[in-house]
Participant: 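Pasting a structure below so you can have a look.
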Amino acid sequence: MARHIMSLLPRWSSRVFSVDLDGASLYFAIQKQQQQQQQHRSHEAPPRVFSAVQNHDRCYSLLVCSSDRIKSAKFYCELKDKLLRDLPPECHLSPMSSFLPNVRNSLVKGYFLKSNSDSSPPIERLLSDLTQRDPVLVCSYFQSEDGQQWTQHLWSHTGSQMMEIEDKYYVVTSEAPGYHPATLNIINSDVFYSLEEARDVLKKCGDIIPEAESVLELLPSQAEARNKADFPVIVIEGLDATGKTTLTESLRDTLGATLLRSPPQCLSPWRSCFDREPPLIRRAFYAVGNYITAEQISQEGMKAPVIVDRFWHSTAAYAIATAVSGPVGNLPAEGSEVYRWPSDLLQPSLVVVLTLDPEERKRRLRDRGLGKTDEEQELDHNQLFRLRVEEAYRRISGPVRITVDASPSADQVLQQVLLLIRGKCHL
Ligand SMILES: Nc1ncnc2c1ncn2[C@@H]1O[C@H](COP(=O)(O)OP(=O)(O)OP(=O)(O)O)[C@@H](O)[C@H]1O
Ligand SMILES: Nc1ccn([C@@H]2O[C@H](COP(=O)(O)O)[C@@H](O)[C@H]2O)c(=O)n1
């Protein structure tokens, strides 16, 4: 068995498994022995993920586990495409993960498959094939005669074409953890807290994404030593179509300020390329964008006030809200280190977050008539995602942040923000 898969096994029976099914996360755990209490449990209903499974149905899990996190991130996305393309249509696929409770970076992601027994030969051929070539750990799940007890069986690869099924574990119900499992891996996988961490990801993907080299060439050699501006720096934040562009341009004209944005203009040629990459790489791209903008702020901020259209709040809030699914309560708790401001990133004098009633925001998006990114569509369709982004915006610590209702006319919003800026920044 490959080394990276072996590394998961020593604490295998301490792992919790989570399957996203019908908008909910369903949890189960495993035990090596069918102990007394376990025998007793066999009279209880099986964990919810298995409760809807019919007699003779088969379940499988695939966990992506490469020691190379760039490879893992890329392969996780490719695997979904491959499974959707090659699995029999009656096979149902759900995202899943496995983690060690309270152990940071212990989360591994994968997919959970359910199908009827007729489809199992082609599925098992496909899974067998995957285990020989790719960094996946496959398990099958078997149901006892009375349908009440499930067992998990790890697959191992013997080196030939043959797959052996070894090591049996009993499946038991597990309580939902007090926090969403994705929070275990957010730091330096979804949100980066230093230029070095983000740069490191781009360096490592240079061989598979040639565009990363061009981005790296634009980076400051280290987070700007000066890291401050003589004039006030005001960041305008908010969801799409809340009026950031309209307001930042008016502020530039009224205050005689310099207008900058993150990601900066110089990264535009590569943005759509990185938007197609998995979160690890995409977020690293936006993170380094903030450092390039910070360097521009330091330079321009010596001459005039600076207005910035999106900055760190956008990078962190969208990343956290995407990594964690479900209701706002699944976000890391207020005060968590996940919301901290990177110590090497320039802090603006003031962050103004524009908020807007969802219906009015949709109306503005419609009137504007531009194409929507996947994330904009997600904001539109998924009310929970929008709430998570807004709450993450609110929880991010660091510079002074003020929320402004952006529903009045553009001029009224401008006047209100000018009042705030003059009050807070002595302009
Ligand atoms: N206060 C306002 N009242 C009514 N319409 C507005 C107001 N501010 C902006 N708009 C209009 O709403 C639309 C979205 O505004 P704008 O492009 O400034 O938002 P944005 O936050 O920069 O969006 P994005 O993040 O997607 O670039 C535009 O058509 C703009 O003219
Ligand atoms: N500093 C930033 C800016 C943006 N993003 C990501 O881009 C998307 C929104 O940008 P728009 O230009 O469409 O307004 C949003 O999905 C963010 O994920 C970022 O991460 N950091």
Side-chain angles (χ1 to χ4, degrees), residues 186 190-192 198 201 215 235-253 259-268 270-294 296-297 307-323 341-342 345-346 348 351-380 382 385-386 388-390 392-393 396 398 404-418:
I186 284 180
D190 296 291
V191 185
F192 297 90
V201 170
V215 173
V235 170
I236 307 296
E237 287 281 4
L239 301 179
D240 313 274
T242 46
K244 296 181 298 300
T245 307
T246 310
L247 176 64
T248 50
E249 288 175 355
S250 303
L251 287 171
R252 173 197 58 199
D253 299 343
L259 175 54
L260 298 172
R261 48 180 54 88
S262 176
Q265 206 62 45
C266 60
L267 289 187
S268 302
W270 301 291
R271 190 172 177 185
S272 60
C273 158
F274 283 91
D275 275 344
R276 291 191 294 272
E277 293 299 332
L280 174 72
I281 300 169
R282 177 166 190 261
R283 300 302 177 192
F285 170 81
Y286 282 103
V288 299
N290 288 324
Y291 288 92
I292 298 176
T293 298
Q296 297 173 347
I297 295 173
I307 307 296
V308 192
D309 186 342
R310 289 196 189 273
F311 196 48
W312 162 257
H313 276 74
S314 282
T315 314
Y318 278 79
I320 294 167
T322 309
W341 191 271
L345 183 65
L346 178 142
V351 178
V352 175
V353 179
L354 301 180
T355 60
L356 200 54
D357 164 74
E359 286 311 310
E360 169 62 9
R361 204 175 65 80
K362 268 190 213 165
R363 194 189 61 71
R364 290 188 191 177
L365 273 170
R366 231 186 358 256
D367 291 353
R368 188 173 64 172
L370 297 174
K372 289 184 194 171
T373 62
D374 289 353
E375 235 166 11
E376 280 172 325
Q377 285 179 16
E378 182 75 10
L379 282 168
D380 239 15
N382 187 340
F385 178 57
R386 190 167 43 73
R388 291 197 302 274
V389 176
E390 286 180 338
Y393 261 137
I396 288 168
V404 168
D405 174 16
S407 42
S409 72
D411 190 55
Q412 282 172 305
V413 175
L414 171 66
Q415 295 312 321
Q416 199 199 334
V417 172
L418 280 172

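Start at 1 and go down the list; that is how both ligands and their atoms are numbered. Numbering starts at 1 and runs along the sequence shown.
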Participant: With nothing but distance in play, are any N or O atoms of Tyr318 less than 3.5 Å from an N or O of ligand 2?
Facilitator: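 So ligand 2 has no N or O lying under 3.5 Å from an N or O of Tyr318.
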Participant: Would you say Asp309 and ligand 1 have an N/O pair spaced under 3.5 Å apart?
Facilitator: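 No: no nitrogen or oxygen of Asp309 is under 3.5 Å from one in ligand 1.
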Participant: Measure the distances from the heavy atoms of Asp367 to every atom of ligand 1 and state whether one is below 4.0 angstrom.
Facilitator: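 It does not, in that no heavy atom of Asp367 comes within the 4.0 Å cut-off of ligand 1.
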Participant: Is it the case that more than 12 heavy atoms not belonging to Gln415 sit under 6.0 Å from its CD atom?
Facilitator: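 Yes - once you tally the heavy atoms of other residues, nucleotides and ligands closer than 6.0 Å, there are more than 12.
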Participant: Please determine whether side chain to side chain contact (heavy atoms under 4.5 Å, CB included) holds for the pair Trp312 and Thr293, giving the CA-CA distance in whole Å, both sets of side-chain angles, and the decisive distance to 0.1 Å.
Facilitator: CA-CA 10 Å; Trp312 162 257; Thr293 298; over 6 Å; no
Participant: So, taking the atom named CZ in Arg364 and the one named CG in Asp357, what distance separates them when rounded to the nearest 0.5 Å?
Facilitator: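 Output value for this atom pair is 9.5 Å.
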Participant: What distance do Ser314 atom OG and Arg261 atom CZ have between them, rounded to the nearest 0.5 Å?
Facilitator: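 So the gap between those two atoms works out to 12.5 Å.
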Participant: Taking all heavy atoms of Val413 and all of Leu354, pick out the closest pair and write down the distance.
Facilitator: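 Looks like CG1-CD2, 4.4 Å.
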Participant: Considering only heavy atoms of Thr245, which atoms of ligand 1 have at least one such atom less than 4.0 Å away?
Facilitator: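 Answer, ordered by atom number: 17 (O), 18 (O), 20 (P), 22 (O), 27 (O).
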Participant: Identify the protein heavy atom lying closest to atom 16 (O) of ligand 2, giving its residue, its atom name and the separation to 0.1 Å.
Facilitator: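 Answer, as residue, atom name and distance: Glu375 OE1, 1.8 Å.
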Participant: Below 4.0 Å, non-hydrogen atoms only: which portion of Trp312 touches ligand 2? Side chain, backbone, both or neither.
Facilitator: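 It is neither; nothing of Trp312 touches ligand 2.
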Participant: Does any part of the side chain of Tyr318, heavy atoms only, come nearer than 4.5 Å to the side chain of Arg310, both counted from C-beta?
Facilitator: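 Arg310 reaches Tyr318 side chain to side chain.
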Participant: Check each atom of ligand 2 against the heavy atoms of Asn290 and keep those under 4.0 Å away; list them by number with element.
Facilitator: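 Heavy-atom distances to Asn290 below 4.0 Å select 1 (N).
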Participant: Counting heavy atoms only, which of Thr322, Thr315, Leu239 is nearest atom 21 (N) of ligand 2?
Facilitator: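 Ranked by closest heavy atom to atom 21 (N) of ligand 2, first place is Thr315.
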Participant: Using non-hydrogen atoms of the residue, decide whether Arg283 is closer than 4.0 angstrom to ligand 2.
Facilitator: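 Per 4.0 Å heavy-atom rule, Arg283 contacts ligand 2.
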Participant: Does the N or O separation between Glu360 and ligand 1 drop below 3.5 Å for any pair?
Facilitator: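 No, Glu360 has no N/O under 3.5 Å of an N/O on ligand 1.
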Participant: Quick one: CG on Leu267 to CZ on Phe274, what's the gap to the nearest 0.5 Å?
Facilitator: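 These two atoms lie 9.0 Å from each other.
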Participant: Is Arg310 in contact with ligand 1, taking contact as a heavy-atom separation below 4.0 Å?
Facilitator: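 In this structure, Arg310 qualifies as a contact of ligand 1 - some heavy atom is under 4.0 Å.
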Participant: Please walk me through it: do Phe192 and Val201 pass side chain to side chain contact (heavy atoms under 4.5 Å, CB included)?
Facilitator: CA-CA 10 Å; Phe192 297 90; Val201 170; 3.7 Å; yes
Participant: Does Val308 offer a backbone N or O that forms a donor-acceptor pair with the side chain of Lys244 under 3.5 Å?
Facilitator: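 Between the backbone of Val308 and the side chain of Lys244 there is no qualifying donor-acceptor contact (under 3.5 Å).
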Participant: Is Arg364 in polar range of ligand 1, meaning some N or O pair under 3.5 Å apart?
Facilitator: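 Between Arg364 and ligand 1, an N or O pair is found under 3.5 Å apart.
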Participant: Pick, from Lys244, Arg261, Arg363, Arg361, the option with the minimum heavy-atom distance to atom 21 (O) of ligand 1.
Facilitator: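 Residue with the shortest heavy-atom distance to the ligand atom: Lys244.
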Participant: Quick one: do the Asp411 and Ser409 side chains pair a donor with an acceptor below 3.5 Å?
Facilitator: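 No, Ser409 and Asp411 have no side-chain donor paired with an acceptor closer than 3.5 Å.
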Participant: Please round to the nearest 0.5 Å and tell me the distance separating atom CG of Leu418 and atom CG of Leu247.
Facilitator: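 Here the rounded value is 8.0 Å.
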Participant: Check for me whether Arg271 has a heavy atom closer than 4.0 Å to any atom of ligand 2.
Facilitator: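 Under 4.0 Å: yes for Arg271.
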Participant: Among protein heavy atoms, which lies nearest atom 23 (O) of ligand 1, and at what distance?
Facilitator: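 Atom 23 (O) of ligand 1 sits closest to the protein heavy atom Ala241 N, 2.9 Å.
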Participant: If we set the cut-off at 4.0 Å for heavy atoms, which region of Pro408 has an atom near ligand 1: side chain, backbone, both, or neither?
Facilitator: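 Only the backbone of Pro408 comes within reach of ligand 1.
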Participant: Out of all atoms in ligand 1, which are within 4.0 Å of some heavy atom of Ser409? Include the element for each.
Facilitator: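 Selected atoms, number and element: 1 (N).
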Participant: Answer with side chain, backbone, both or neither: which part of His313 has a heavy atom less than 4.0 angstrom from an atom of ligand 2?
Facilitator: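 The answer is neither.
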Participant: Atom OG1 in Thr248, atom CG in Leu414: separation rounded to 0.5 Å?
Facilitator: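 Going from the OG1 atom of Thr248 to the CG atom of Leu414 covers 10.5 Å.
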Participant: Which residue and atom name correspond to the protein heavy atom nearest atom 19 (O) of ligand 1, and how close is it?
Facilitator: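 Protein heavy atom at minimum distance: Gly243 N, 3.1 Å.
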Participant: Quick one: CG on Asn290 to OG1 on Thr315, what's the gap to the nearest 0.5 Å?
Facilitator: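 Reported to 0.5 Å precision, the distance equals 3.5 Å.
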Participant: How far is atom 13 (O) of ligand 2 from its nearest protein heavy atom, and which residue and atom is that?
Facilitator: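 Result: Asp240 OD1, 3.6 Å.
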Participant: For atom 27 (O) of ligand 1, find the nearest protein heavy atom and state the residue, atom name and distance (0.1 Å precision).
Facilitator: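 Atom 27 (O) of ligand 1 sits closest to the protein heavy atom Arg368 NH1, 3.6 Å.
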Participant: Is any N or O atom of Pro263, backbone or side chain, closer than 3.5 Å to an N or O atom of ligand 2?
Facilitator: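 No, since none of the N or O atoms of Pro263 sits under 3.5 Å from an N or O of ligand 2.
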Participant: If you measure from each heavy atom of Gly238 to ligand 1, is any distance below 4.0 Å?
Facilitator: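 Under 4.0 Å: no for Gly238.
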Participant: Return the orientation label for the Trp341 and His313 ring planes: parallel under 30°, perpendicular over 60°, tilted otherwise.
Facilitator: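 Rings of Trp341 and His313: tilted, 30 to 60°.
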Participant: At a 4.0 Å threshold, what atoms of ligand 2 neighbour a non-hydrogen atom of Ser262?
Facilitator: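 Heavy-atom distances to Ser262 below 4.0 Å select 1 (N), 2 (C), 3 (C).
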Participant: Side-chain contact test, heavy atoms from C-beta onward, threshold under 4.5 Å: evaluate it for Phe385 versus Val389 and give yes or no.
Facilitator: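 Side chain of Phe385 against side chain of Val389, heavy atoms only: contact under 4.5 Å found.
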Participant: For atom 18 (O) of ligand 1, what's the nearest protein heavy atom and its distance?
Facilitator: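 The answer is Thr246 OG1, 2.6 Å.
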Participant: For a 4.5 angstrom cut-off between non-hydrogen side-chain atoms, does Leu259 reach Glu249?
Facilitator: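 Heavy-atom side-chain distance check passes, below 4.5 Å.
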Participant: If hydrogens are left out, which of Tyr286, Phe285, Phe311, Phe274 has an atom nearest to atom 1 (N) of ligand 2, that is, the closest non-hydrogen atom?
Facilitator: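 Of the listed residues, Phe311 has the closest heavy atom.
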Participant: If you measure from atom 14 (O) of ligand 2 to every heavy atom of Arg261, Glu237, Arg310, which option wins on shortest distance?
Facilitator: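 Shortest heavy-atom distance from atom 14 (O) of ligand 2: Arg310.
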